[in-house]
2 protein chains.
Amino acid sequence: MASIKDVAAEAGVSVATVSRVLNDHPSVSADARTRVQAAVESLGYRPNAVARSLRTDQTHTLGLVISDVLNPYFTELARSVEEEARALGYSVIIGNADERPDLQDHHVRNLLDRRIDGLLVSPTDGGSPLMLDAARAGTPMVFVDRWIPGVDVPVVRADGRAAVRDLVAHLYALGHRRVAIIAGPAATTTGRERVEVFREALQEHGLDLPEAYTGQGDFQVESGRRVTEGFLDLAEPPEVVFAADNLMALGALDAVRARGLRVPDDIALAAFDDIRWFVHTDPPVTAIAQPTGELGRAAVRALVDRIEGRPGESVTLPARLVVRRSCGESPSPVQRSTT
Amino acid sequence: MASIKDVAAEAGVSVATVSRVLNDHPSVSADARTRVQAAVESLGYRPNAVARSLRTDQTHTLGLVISDVLNPYFTELARSVEEEARALGYSVIIGNADERPDLQDHHVRNLLDRRIDGLLVSPTDGGSPLMLDAARAGTPMVFVDRWIPGVDVPVVRADGRAAVRDLVAHLYALGHRRVAIIAGPAATTTGRERVEVFREALQEHGLDLPEAYTGQGDFQVESGRRVTEGFLDLAEPPEVVFAADNLMALGALDAVRARGLRVPDDIALAAFDDIRWFVHTDPPVTAIAQPTGELGRAAVRALVDRIEGRPGESVTLPARLVVRRSCGESPSPVQRSTT
DNA sequence: CTGAAAGCGCTTACAG
DNA sequence: CTGAAAGCGCTTACAG
């Protein structure tokens, strides 16, 4: 592959001049510029980004460590992150933690070794030493969706409080009283918060969230299935199950279907995170929708701000309830989705 | 961030010795080794992968350019690629072309500039000059899923011929005679092939695939919706629609639903590419399943073979039909899915 | 406007 | 077993 030396030789100038032309430095004669451009063209020269990074100490690359690419929520997040980053002149390297702290650390380490300019992470756990060290060492960092309390890093996330309250009101209005949740890992903020907020909202209606109706999931399909089976095995199963993410809702659907039962007649279902397929499931699933694309873009902007020396602030955007049919037919027409 | 010099100073050895320890070179005294390890530990030193890459001319990185990350098929492919690559000691950088040739070129260029060791691509079009040049220039390359004819690069893909034939037999057995397809872009191999194979299979049953029943899609949701609307507007709409990928099937579902019609009673539906959600859609969708994970892994193995100087062969794996209820109830129990 | 030279952080023949 | 030195491909003060 042609190097800058080859271009210099071909153009009859020094490598310094070639470099200046490549970087649009103003003090280059028109003549030199055209000769260099011609040489670049004829050799099919492309600057070596590795060498450039070593020299400038910038990679123009962002690392994104997400908990699970197969989760459509994170896929969409990753996509919006890449789009916004590209618009700002950055590439992004994605690391998929698959909800495993060890894999998360693997990717963080790999990304740090590659000297990415900044790190966007949706932590799978409460923060490994590696991650905490990186934050303390001053690596530009932003948390997205999930975060680690006590670490001085901007957080870009959705606030689901109002939407969860709307959901509970909806469930209550439909007559449901025995309500269960499939929670995410307690080591994650979203895993904890969704349960807490849900419980608080239930209390406002005088409802309880008993131990037996609090299942521990891990945000992945299998756990949703397992927990739902447990609920169905109870002497008095819940009337509704709220899955703290869309994959566990899929697992719940699997479990219900496997027993030949129907949603919402036998058991109702709602999910955190809305996805396109929920419109076409049987029945369409009531869900809490996050402004995913906007979260991804805001996170990138905050991170790039940090990288380029600007403040880089936390952002919280509201989530909203999208009512469909999986909790039963609404007697009054509340916020019925039009999609 | 500590560099190799800092480690050398701390350990009281030369940087060469530090490098040897880091790379498990045999000729290092036990004493030097322990001192270096201690220094690495106490400084929290991590080798700079950028510098190492510049020096060794290897990045241990694979580039993966896929047509659309939001397509669950490609998400799963990307995931299996990353897994296998990691197992073989490589990282992967994903570029999402979003079915746009210009974006595809952007990513290919970016990856080449970063000097990735090899490129895995599922081309969005018939091959840009950039891609063809890269292949000719000897960049280790492998095509997955889609490929570019006439380019000497291994291809790892699924053969859907038998599955499509099974599908047509299934449709025929159910009494369907007016059959339509939502095709993918003619510039892609999969876009072309799926139509051809489908047409051939229909002919074997004495059925025709008229122009009016051949809609041009682009593998994305909106095109599936648009084409399906066109079909429904015909004086004599088709009895079945076969979507050449899962996203266009989703668009078809949207279109059918928007008119208040039902699958399969008003119009039947089948799709290429099976995804988990198809089990829970209303109705469950009959689909052709590719061995996606295996394709991703085989593609990585072929690419790494090429990178490391071994042959690196093409692989073709069979796809299979998964019958569900979206084409109507089967009178005879053929290959009913158990999932 | 231009070039020679230093240096980014590594690895690796080469000599000892 | 070890170190001094060259060199990977760039960028950028510095001097002219």
Side-chain angles (χ1 to χ4, degrees), chain A residues 1-37 39-40 43-61 89 109-117 137, chain B residues 1-40 43-61 89 91 109-117 137:
Chain A
M1 198 159 266
S3 84
I4 197 170
K5 276 189 196 169
D6 303 311
V7 177
E10 174 86 7
V13 297
S14 72
V15 296
T17 297
V18 175
S19 176
R20 290 192 188 98
V21 172
L22 261 23
N23 294 291
D24 285 320
H25 189 100
S27 56
V28 180
S29 67
D31 178 53
R33 190 175 301 276
T34 40
R35 295 215 323 272
V36 168
Q37 281 160 346
V40 165
L43 293 172
Y45 170 73
R46 293 252 82 214
N48 182 328
V50 174
R52 178 176 283 175
S53 290
L54 178 60
R55 180 53 228 243
T56 61
D57 203 29
Q58 303 183 81
T59 51
H60 278 284
T61 304
R109 191 171 293 114
N110 181 254
L111 261 5
L112 257 19
D113 286 355
R114 287 163 179 275
R115 302 301 193 261
I116 44 115
D117 292 342
Chain B
M1 197 160 268
S3 84
I4 196 170
K5 277 189 196 168
D6 303 311
V7 177
E10 174 85 8
V13 296
S14 71
V15 295
T17 298
V18 175
S19 177
R20 289 193 189 97
V21 172
L22 261 23
N23 294 290
D24 284 320
H25 189 100
S27 54
V28 180
S29 66
D31 176 53
R33 190 176 301 277
T34 39
R35 296 217 320 274
V36 167
Q37 282 161 345
V40 164
L43 294 170
Y45 170 74
R46 292 253 83 215
N48 183 327
V50 174
R52 178 177 283 175
S53 290
L54 178 60
R55 180 52 228 244
T56 61
D57 203 29
Q58 304 184 77
T59 51
H60 277 283
T61 304
S91 304
R109 191 172 291 115
N110 181 253
L111 293 166
L112 257 19
D113 287 356
R114 286 163 180 275
R115 303 300 193 260
I116 43 117
D117 292 340

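Proteins get letters first, then strands, A, B, ... in listed order; numbering begins at 1 in each.
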Which nucleotides of DNA chain D pair, in dot-bracket form (Watson-Crick or G-U under 3.5 Å, | meaning another strand)
|||.||||||||.|||
Are the side chain of Ser19(B) and the backbone of Val15(B) linked by a donor-acceptor contact shorter than 3.5 Å?
no
Find the distance between CZ (Arg46(B)) and CZ (Arg114(A)) and round it off to the nearest 0.5 Å.
12.5 Å
Working to the nearest 0.5 Å, report the span between CD1 of Ile116(A) and CG of Leu111(A).
5.0 Å
Euclidean distance, atom NE2 of residue His25(A) to atom C1' of dC1(C) [Å, nearest integer]:
9 Å
Whether Asn48(A) side chain and Val50(A) backbone form a donor-acceptor pair below 3.5 Å:
yes
Out of curiosity, Thr61(B) OG1 to Arg115(B) CZ, how far, rounded to the nearest 0.5 Å?
13.0 Å
Which whole number of Å gives the distance between the C1' atom of dG16(D) and that of dT12(D)?
16 Å
How does each nucleotide of nucleotides 11-16 of chain D score, in 5' to 3' order, for protein heavy atoms under 4.0 Å: base (B), sugar-phosphate only (S), or none (-)?
BBB---
What nucleic acid atoms does Ser3(B) come within less than 4.0 Å of, heavy atoms only: base, sugar-phosphate, or nothing?
sugar-phosphate
Whole angstroms only, please: what is the CZ-C1' distance between Arg46(B) and dC10(C)?
15 Å
Is the distance from OP1 or OP2 of dT2(D) to the nearest side-chain N or O of Ser29(B) less than 4.0 Å?
yes
Distance in angstrom units between Arg35(B) CZ and dC1(D) P, rounded:
15 Å
Given atom CG of Leu54(B) and atom P of dC8(C), what is their separation to the nearest angstrom?
13 Å
Ionic contact status for Arg35(B) with Asp31(B), cut-off 4.0 Å:
yes
Is there a side-chain polar atom (N or O) of Ser14(B) under 4.0 Å from OP1 or OP2 of dG3(D)?
yes
Neighbour count above 12 (heavy atom, 6.0 Å) for Asp57(A) CG
no
What is the separation between atom CE on Met1(A) and atom P on dC10(D), rounded to the nearest whole Å?
11 Å
Just the rounded figure in Å: distance from P of dC10(D) to CD of Gln58(A).
17 Å
On the nucleotide dC8(D), are OP1 or OP2 found under 4.0 Å from the side-chain N or O atoms that Lys5(A) carries?
yes
Just wondering, do Arg20(B) and Val13(B) contact through their side chains at under 4.5 Å, heavy atoms?
no
In whole angstrom, give the distance that lies between atom CZ of Arg114(A) and atom C1' of dC10(C).
16 Å
In whole angstroms, how far is the P atom of dC10(C) from the NE2 atom of His60(B)?
16 Å
Atom pair CZ/CD1 of Arg52(B) and Ile4(B) - distance to nearest 0.5 Å:
8.5 Å
Closest of dC10(C), dT2(C), dC10(D) to the Asn48(A) side chain is dC10(D)
